[in-house]
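These numbers come from the heavy atoms of this one structure, side chains and all, not from hydrogens, waters or symmetry mates.
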Amino acid sequence: MMHPDQIPITLEMVGKMIGTQFPHWSSLPVTEVNSAGTVNALYRIGSELVARLPLQPGDVEAKQAELSEEIDAAERLLTVSPVATPEPVATGEPMHTYPLPWSVYRWSPAPSPATPTRGVPLASPPSSPASCTPVRSLPTHGRTFQGTRRGGVLTQHDDFVADGLRLSRGLIDTDALDAVSSRLRETPGATTQTWTHGDLMPGNLLVRGEDLAGQPLARSQTTMVLRSWL
């Protein structure tokens, strides 16, 4: 259990939910995915699908709205991403055994996760970091950022950065990082609203050799931030 309020989920439970709500998949084997994710439990359905079940409880309507935003962002990302990204297939309903809405995506064959120690340069087009720039061309349809986290103003994170630097002393060069942070917080704010990838970290990228081969599931925030799918 990663969370004190974590919803208990078992393989048998997921199998029954799939069989009840999606009987056309009832003959497919269901297997748990060993994931480092902290937001959703993942279960393979056959070889081509994966179920995502939120781990923490919450208001059903709010969770449904969040799920709808995730699906919307995933569908948008599919239209511009130069590499593989999961495709939404279906939405599951709450049941007496599991209290929240959940989702099913098409499984993206995973080459291998990127890791900091591998030093993957991701330099070959379309696998460079520039492969994320097409996301910014997506229309926002009048949406504007209303949050306070990723995609917001850097000066809103001063306390968080200070706390992180304090806890990291002796582990990294905190003086150098503090200097970078101080310089970046003076960066002028953007004049337009755009989609952007909000979780570009090695564990959220899939690579084949030295090329980017897959991006995580998109999760929408009001700035069009695309977040991790794990």
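If you take CD1 on I18 and OG on S26, they are separated by 10.0 Å, rounding to the nearest 0.5 Å. To the nearest 0.5 angstrom, R166 atom CZ is 14.0 Å from D178 atom CG. Atom-to-atom distance recorded for Q64:CD and L100:CG is 10.0 Å, nearest 0.5 angstrom. Atom CG of L28 sits about 7.0 Å away from atom CG of L49, to the nearest 0.5 Å. Atom OH of Y43 is separated from atom OG1 of T10 by 6.5 Å, given to the nearest 0.5 angstrom. Here CD of Q56 is found 10.0 Å from CG of N40. Values are rounded to the nearest 0.5 Å.
Residues T79 and L138 form a side-chain contact, since some pair of their non-hydrogen atoms from C-beta on lies under 4.5 Å apart. Contact check for T174 versus I172: side-chain heavy atoms found under the 4.5 Å cut-off. Residues W25 and V89 have side chains in contact (heavy-atom distance under 4.5 Å, counting atoms from C-beta outward). A heavy-atom distance below 4.5 Å is not found between the side chains of R185 and H157. Contact annotation: the side chain of V104 never approaches that of T91 to less than 4.5 Å [non-hydrogen atoms, C-beta and beyond]. Looking at heavy atoms from C-beta onward, W195 lies in side-chain contact with R76 at the 4.5 angstrom threshold. Taking 4.5 Å as the limit, every side-chain heavy atom of P54 sits out of range of all side-chain heavy atoms of I7.
L55 and M2 make their closest contact through CD1-CE, 3.6 Å (heavy atoms, listed as atom of the first residue, atom of the second, distance). P94 and P101 make their closest contact through CG-N, 3.7 Å (heavy atoms, listed as atom of the first residue, atom of the second, distance). Taking every heavy atom of both residues into account, A51 and L53 meet most closely at CB-CD1, 3.9 Å. Taking all atoms of both residues into account, the shortest heavy-atom contact from L78 to P88 is CD1-CD, 4.0 Å. Taking every heavy atom of both residues into account, A74 and P86 meet most closely at CB-O, 4.2 Å. Here the closest non-hydrogen pair linking T187 and L184 is OG1-O, 2.7 Å.
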Check: Could you go step by step and tell me if F22 and W102 meet the ring pair (Phe, Tyr, Trp, His ring centres under 6.0 Å) rule?
Finding: CA-CA 13 Å; F22 304 104; W102 49 288; 5.7 Å; yes
Walk me through whether Q21 and M95 qualify under side chain to side chain contact (heavy atoms under 4.5 Å, CB included). CA-CA 10 Å; Q21 299 190 36; M95 294 181 63; 3.1 Å; yes
Verdict with supporting geometry, W107 and V33, side chain to side chain contact (heavy atoms under 4.5 Å, CB included): CA-CA 11 Å; W107 179 261; V33 178; 4.2 Å; yes
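The neighbour count for D173 CG, taken as heavy atoms of other residues, nucleotides or ligands under 6.0 Å away, is above 12. Heavy-atom neighbours of Q6 CD from other residues, nucleotides or ligands within 6.0 Å: above the threshold of 12.
The pair K63-D59 fails the salt-bridge criterion, with no side-chain N (NZ, NE, NH1 or NH2) lying under 4.0 Å from an Asp/Glu carboxylate O. Note on R52 versus E70: salt bridge recorded, some NZ/NE/NH1/NH2 to OD/OE distance being below 4.0 Å.
In this structure, the side chain of S181 does not engage the main chain of L177 through any donor-acceptor pair within 3.5 Å. Between the side chain of R183 and the main chain of E186, no donor-acceptor pair closer than 3.5 Å is present.
In this structure, L165 is not a member of the same hydrophobic cluster as F160, with clusters built from ILVMFWY side-chain heavy atoms closer than 4.5 Å.
A side-chain contact (heavy atoms from CB on, under 4.5 Å) with Y98 holds for exactly one of K16, M17, E93; it is M17.
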